[in-house]
**Student:** 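Quick one: this structure, given as structure tokens, is what I'll be asking you about.
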Amino acid sequence: MHMYESSQLAMERVEALRQARRADARKRGIVVAILACAALLVIGAIVTMLWRSTQPAKQHPYSASVPIPGTAPGLPAIDAPLPAVEPLELKPLDPTDARAVNAAVPFSTLPNPAARKFIASGTTADIVRATDCLAAAVLFEAGDDAVGERAVAQVVLNRVRHPAFPHTVCGVVFQGSERSTGCQFTFTCDGAMARTPAPAAWARARGIAAQALGGSVFAPVGLSTHYHTDWVVPYWSSSLDKVTAVKTHLFFRWTGGWGRPPAFFAAYGGVEPVIPQLAVLSEAHRPLDGEAGADAAAAAAAAIAAAVAAPIAPAAPSFAPTANNPDAFLVTFGADIPADSYPDLAKQACGTRPRCLFMAWPSAALTPKALPASTSQLESMIFHYLRDPGFKQDRTRWDCSRSRRANPGECLSRQAGGSAPAAAAAPVSGSSTP
């Protein structure tokens, strides 16, 4: 009996040992499976990371890239420091050489996206001040020419939205005007504002400015922040992307991220400064306070609204300077152009040039192609306009055998006007340089 019990106990111990071994084997199997899965996951992650490192980064063509340490909060992540706005400085080239240099610079082949709509906000006085600052810029920079004026307006508003410039319209237009060589728009510091524009031209400029501040976009110039006439070469022009040409003006934007849509993020300041230089043209820029100031702003707003609502007048004739002198115009006036309108057309063509010669003939056959004009050509001239810094006022003369004048001093002397004014400082009609 004792031997049987011992044998039974031994068998039970053997069975327990077998069960323990089977349990250990199952545990080891589970651990091995877990480790194998983990190894597969790690290997998969490593393979994925290696594959991704060989692929080009997916990026929107206008997205910015690397943030710059030290830039102000809110600036977009752009791969270059904020560009400096330098005073205008021109290369010492004559107009013919300047045109050749400008023509050799290719237009950018990158996309030219249009700017977003700009909607001005603020008090009535602020909106009127902004309108009249913009109207002055477009009229003095482009002359009484709707296409050129719209292009200039778009450049001004592009600057308002860019962090490199002031964030009001008047601030942009008159930036640097306190310095004779530091202004961004040359008419603000070269004495051009001493000449009062014709009321009709001023009204049209106000209408164009109001439309731009109400959301009208001039798409051809895209995000341009600079421009200049084609007969000058600013030192900065080779470092910017040339976007387009509008008549004799070339338009540029900054290269890289600062010339792309994300850079134009700055909010409009809204509180427009009073500009004393505009007091002659704008009620809202006169030193009036309280009720008088509010009445003046309301009157100006009504005039601007009337200018916007007015039917579009036929486009004024457009004139180009002679090939050998950018300050001289030799034009043809048909019988359909009233003689009394000759001075306004001359001023429109001359724009902000400090020196300008404008001569007209009654037919294309009689109009010379270049100066100096021959004696017979001078004999057939019907109008002569001359602007020079040495004159107290511009000189205008008519052929009084065709157009009677009350003042005999306004009649042409056939010996007058055979030569053009010296082509000294070529005008820079535009922002940051035109």
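Treat the numbers as computed from the prediction; the structure is a model and nothing was measured. Values below: all heavy atoms of this structure, side chains included; hydrogens, waters and symmetry mates excluded.
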**Student:** Do His226 side-chain atoms and Trp254 backbone N/O form a donor-acceptor pair below 3.5 Å?
**Tutor:**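 Checking the backbone N and O of Trp254 against the side chain of His226, no donor-acceptor pair under 3.5 Å is found.
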**Student:** Identify the residue among Phe185, Trp236, Tyr235 that makes a ring-ring contact (aromatic ring centres under 6.0 Å, His included) with His228.
**Tutor:** Trp236
**Student:** Nearest heavy-atom pair of Phe329 and Ala349: which atoms, and what distance?
**Tutor:**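 Looking at all heavy atoms of both residues, the closest pair is CZ-O, 3.3 Å.
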**Student:** What is the minimum heavy-atom distance between Ala284 and Val128, and which atoms define it?
**Tutor:**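 Closest heavy-atom pair between Ala284 and Val128: CB-CG1, 3.4 Å.
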**Student:** For a 4.5 angstrom cut-off between non-hydrogen side-chain atoms, does Asn325 reach Pro95?
**Tutor:**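 Heavy-atom side-chain distance check fails, nothing below 4.5 Å.
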**Student:** Under the criterion side chain to side chain contact (heavy atoms under 4.5 Å, CB included), I'd like the reasoning laid out for Phe187 against Leu139: C-alpha separation, chi angles, the key distance, then a yes or no.
**Tutor:** CA-CA 10 Å; Phe187 82 94; Leu139 182 57; over 6 Å; no
**Student:** Within the side chain of Arg405, is there an N or O that forms a donor-acceptor pair under 3.5 Å with the backbone of Cys400?
**Tutor:** no
**Student:** With a 4.5 Å heavy-atom cut-off, do Met359 and Leu378 have their side chains touching?
**Tutor:** yes
**Student:** Is the side chain of Asn102 donor-acceptor paired with the backbone N or O of Val232 at a distance under 3.5 Å, no angle test?
**Tutor:**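 Side chain of Asn102 to backbone of Val232: a pair is present.
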**Student:** So does Ile382 get a backbone contact from the side chain of His384, meaning a donor-acceptor N/O pair under 3.5 Å?
**Tutor:**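 Pair absent, no side-chain N/O of His384 close to backbone of Ile382.
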**Student:** Could I get the full list of side chain to side chain donor-acceptor pair (under 3.5 Å) partners for Ser239, not counting sequence neighbours?
**Tutor:**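 Once residues adjacent in sequence are excluded, Ser239 has no partner under the side chain to side chain donor-acceptor pair (under 3.5 Å) criterion.
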**Student:** Under 3.5 Å, is there a donor-acceptor pair between the side chain of Asp241 and the main chain of Val243?
**Tutor:** no
**Student:** With a 3.5 Å distance limit and no angle check, can you tell me whether Trp202 reaches the backbone of Ala135 through a side-chain donor-acceptor pair?
**Tutor:** no
**Student:** Side-chain donor-acceptor pair under 3.5 Å between Thr123 and Asp126, yes or no?
**Tutor:** yes
**Student:** At what distance, to the nearest 0.5 angstrom, does OG1 of Thr131 lie from CZ of Arg206?
**Tutor:** 8.0 Å
**Student:** To the nearest 0.5 angstrom, please state how far the CG atom of Leu412 sits from the CZ atom of Phe383.
**Tutor:** 8.5 Å
**Student:** From Arg395 CZ over to Leu357 CG, what is the distance, rounded to the nearest 0.5 angstrom?
**Tutor:**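 So the CZ of Arg395 and the CG of Leu357 are separated by 12.5 Å.
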**Student:** Taking all atoms of both residues into account, what is the closest heavy-atom pair of Pro197 and Phe140, and its distance?
**Tutor:**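 Minimum heavy-atom separation between Pro197 and Phe140: CD-CZ, 4.1 Å.
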**Student:** Could you tell me which non-hydrogen atom of Ala263 sits nearest to which non-hydrogen atom of His162, and how far apart they are?
**Tutor:**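 What the structure gives for the nearest pair is CB-NE2, 4.1 Å.
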**Student:** First locate atom CZ of Arg402, then atom CZ of Arg404, and finally report the distance between them rounded to the nearest 0.5 Å.
**Tutor:** 13.5 Å
**Student:** Quick one: does Gln277's side chain have a donor or acceptor within less than 3.5 Å of a partner on Thr188's backbone?
**Tutor:** no
**Student:** Going through the distances and angles, do Gln348 and Asp344 end up as a side-chain hydrogen bond (donor to acceptor under 3.5 Å, both in side chains)?
**Tutor:** CA-CA 6 Å; Gln348 171 196 319; Asp344 286 342; over 6 Å; no
**Student:** Mind checking what makes side chain to side chain donor-acceptor pair (under 3.5 Å) contact with Asn407, not counting sequence neighbours?
**Tutor:** none
**Student:** Compare all side-chain heavy atoms of Leu82 with those of Pro163 and state whether any distance is below 4.5 angstrom.
**Tutor:** yes
**Student:** Could you tell me whether a side-chain N or O of Lys247 sits under 3.5 Å from a main-chain N or O of Ala142, the two making a donor and an acceptor?
**Tutor:** no
**Student:** Would you compute the distance between atom CD of Glu379 and atom OG of Ser374 and round it to the nearest 0.5 angstrom?
**Tutor:** 9.5 Å
**Student:** Using the ring-ring contact (aromatic ring centres under 6.0 Å, His included) rule, take Tyr385 and Tyr342 through it: C-alpha gap first, then chi angles, then the decisive distance, then the call.
**Tutor:** CA-CA 9 Å; Tyr385 170 92; Tyr342 292 174; over 10 Å; no
**Student:** Ignoring hydrogens and geometry, is there a side-chain-to-backbone donor-acceptor pair from Asn158 to Gly222 under 3.5 Å?
**Tutor:**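 Such a contact is found between Asn158 side chain and Gly222 backbone.
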**Student:** Within this structure, what is the CG-CD1 distance for the pair Leu213 and Ile208, rounded to the nearest 0.5 Å?
**Tutor:** 12.0 Å
**Student:** Counting C-beta onward and ignoring hydrogens, is there a side-chain heavy-atom pair between Asp399 and Met381 closer than 4.5 Å?
**Tutor:**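 Of all side-chain heavy-atom pairs linking Met381 with Asp399, none is under 4.5 Å.
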**Student:** Out of Val172, Val173, Val160, which residue meets the side-chain contact (heavy atoms from CB on, under 4.5 Å) rule with Pro166?
**Tutor:**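 Looking at Val172, Val173, Val160, the match for Pro166 under the side-chain contact (heavy atoms from CB on, under 4.5 Å) is Val172.
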**Student:** Considering non-hydrogen atoms only, spot the tightest contact between Gly270 and Thr168 and give its length.
**Tutor:** N-CG2, 4.3 Å
**Student:** Would a line drawn from the ring center of Phe333 to the ring center of Trp398 be shorter than 6.0 Å?
**Tutor:**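 For Phe333 and Trp398, the ring centres are not under 6.0 Å apart.
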**Student:** Can you run down the disulfide bond (SG atoms under 2.5 Å apart) pairs that involve residues 104-173, sequence neighbours left out, and say none if there aren't any?
**Tutor:** Cys133-Cys170
**Student:** Applying side chain to side chain contact (heavy atoms under 4.5 Å, CB included), run through Val221 and Tyr227 and close with a yes or a no.
**Tutor:** CA-CA 10 Å; Val221 302; Tyr227 64 89; over 6 Å; no
**Student:** Let me see the working for Phe358 and Arg387 under side chain to side chain contact (heavy atoms under 4.5 Å, CB included), right down to the final yes or no.
**Tutor:** CA-CA 9 Å; Phe358 186 97; Arg387 175 191 297 167; over 6 Å; no
**Student:** Is there a side chain to side chain contact (heavy atoms under 4.5 Å, CB included) between Asn112 and Arg253? Walk through the geometry before answering.
**Tutor:** CA-CA 10 Å; Asn112 182 29; Arg253 67 180 175 220; 3.6 Å; yes
**Student:** Scan for salt bridge (charged side-chain N to carboxylate O under 4.0 Å, His left out) pairs involving residues 191-202, sequence neighbours excluded, and state none if there are none.
**Tutor:**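 Output for this query is empty, none listed.
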**Student:** With no hydrogens and no angle check, is any side-chain donor or acceptor of Arg286 less than 3.5 Å from a backbone partner on Leu281?
**Tutor:** no
**Student:** Identify every side-chain donor-acceptor pair in residues 366-373 under 3.5 Å, counting partners at least two apart or on other chains, and give the distances.
**Tutor:**
residue : atom : partner : partner atom : Å
Thr367  : OG1  : Thr332  : OG1          : 2.7
Thr367  : OG1  : Ser363  : O            : 2.8

**Student:** If you look at every heavy atom in Pro326 and Arg99, which pair is closest and at what distance?
**Tutor:** CB-NH2, 4.5 Å
**Student:** Can you list every pair that meets salt bridge (charged side-chain N to carboxylate O under 4.0 Å, His left out) and has a residue in residues 108-120, with sequence neighbours left out?
**Tutor:** none
**Student:** Angle between ring planes, Phe251 versus His249, binned at 30° and 60°: parallel, tilted or perpendicular?
**Tutor:** tilted
